[in-house]
Amino acid sequence: QVQLVESGGGLVQAGGSLRLSCAASGRTFSTSAMGWFRQAPGEEQEFVAATDWRGRSTTYADSVKGRFTISRDNAKNTLYLQIDSLKPEDTDVYYCAASRSMFVRLAKSDYEYWGQGTQVTVSS
């Protein structure tokens with residue numbers, strides 16, 4: 001069992017940066033692939049980024065490549081998402097998720113545990 005709590009969201013101007021954190025409890029964090037997803041009201045949840053259990057393999061949605069960086073600190077049971085060069089279209093609720101797999105996963109169905117989300121709002 002893994003419990004996830006996101007933080008770090010907020011209101012920021014376009015071009016700014018945020019760092020989202022996802023604190024995990026449970027013994028399996030360090031052996032779980034982790035991901036970030038986002039969702040706007042009335043829209044489907046969208047894959048953003050994922051990392052393997054060690055943080056050595058990462059993958060990103062095309063829309064965020066070069067601006068978002070996923071990382072993890074297994075000693076602190078924490079997942080991060082550094083978001084730079086924010087755009088108004090990045091406005092969403094951002095969710096972290098934990099997979100039973102150790103390896104990078106892109107599909108929502110590959111993730112077992114989800115946080116409650118943190119709101120990111122980008123003003124133009």
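Scope of the values below: all heavy atoms of this structure, side chains included, with no hydrogens, waters or symmetry mates.
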Begin with the C-alpha distance, continue with both residues' side-chain angles, and end with the deciding distance and a verdict on side-chain contact (heavy atoms from CB on, under 4.5 Å) for Trp114 and Leu4. CA-CA 6 Å; Trp114 294 81; Leu4 305 171; 5.6 Å; no
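- Taking CD of Glu112 as the start and OG of Ser99 as the end, the distance is 6.5 Å to the nearest 0.5 Å.
- Residues Leu81 and Val12 fall within the same hydrophobic cluster, defined by Ile, Leu, Val, Met, Phe, Trp and Tyr side chains chained together at heavy-atom separations under 4.5 Å.
- Residues Asp90 and Ser85 share a closest heavy-atom pair of OD2-O, 4.4 Å.
- Annotation: the span from Thr69 atom OG1 to Arg19 atom CZ amounts to 11.5 Å, rounded to 0.5 Å.
- Distance CD1/Ile83 to CG/Leu20: 4.0 Å, rounded to 0.5 Å.
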Would you be so kind as to tabulate the donor-acceptor pairs closer than 3.5 Å made by side chains of residues 52-63, with sequence neighbours excluded?
from  : atom 1 : to    : atom 2 : distance (Å)
Asp52 : OD1    : Arg54 : N      : 3.3
Asp52 : OD1    : Gly55 : N      : 2.8
Asp52 : OD1    : Arg56 : N      : 2.9
Asp52 : OD1    : Ser57 : N      : 3.3
Tyr60 : OH     : Ile70 : N      : 2.9
Asp62 : OD1    : Lys65 : NZ     : 3.1

Could you go through the side-chain contact (heavy atoms from CB on, under 4.5 Å) check for Phe37 and Lys108 one step at a time? CA-CA 8 Å; Phe37 291 77; Lys108 289 188 297 180; 3.5 Å; yes
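- Residues satisfying the side-chain hydrogen bond (donor to acceptor under 3.5 Å, both in side chains) test with Asp73, not counting sequence neighbours, are none.
- Note: Arg38 CZ to Glu89 CD = 8.0 Å, rounded to the nearest 0.5 Å.
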Yes or no on side-chain contact (heavy atoms from CB on, under 4.5 Å) for Gln39 and Tyr95, after CA distance, side-chain angles and deciding distance? CA-CA 8 Å; Gln39 186 173 24; Tyr95 299 89; 4.0 Å; yes
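- A donor-acceptor pair under 3.5 Å is absent between the side-chain atoms of Ser32 and the main chain of Met34, judged by distance alone.
- The CG atom of Leu79 lies 6.0 Å from the SG atom of Cys96; values are rounded to the nearest 0.5 Å.
- Asp110 and Arg100 are not joined by a salt bridge, as no carboxylate oxygen comes within less than 4.0 angstrom of a charged side-chain nitrogen.
- Stacking of Arg72 on the aromatic ring of Phe29 is recorded, both the 6.0 Å distance cut-off and the 45° axial limit being met.
- Annotation: cation-pi geometry not satisfied between Arg105 and Tyr111 (NZ/CZ under 6.0 angstrom from ring centroid, within 45° of ring axis).
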Go through the steps for Asp92 and Val120 under the test side-chain contact (heavy atoms from CB on, under 4.5 Å), then give the verdict. CA-CA 6 Å; Asp92 278 317; Val120 171; 6.0 Å; no
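- Of all heavy-atom pairs between Ala14 and Pro88, the closest is CB-CD, 4.1 Å.
- Between Phe47 and Trp36, the gap from one ring centroid to the other reaches at least 6.0 Å.
- Distance OG/Ser25 to CG/Asn77: 8.0 Å, rounded to 0.5 Å.
- The number of heavy-atom neighbours closer than 6.0 Å to CD of Gln116, taken from other residues, nucleotides and ligands shown, is above 12.
- No donor-acceptor distance shorter than 3.5 angstrom exists from the side chain of Gln82 to the backbone of Phe68, with no hydrogens or angles considered.
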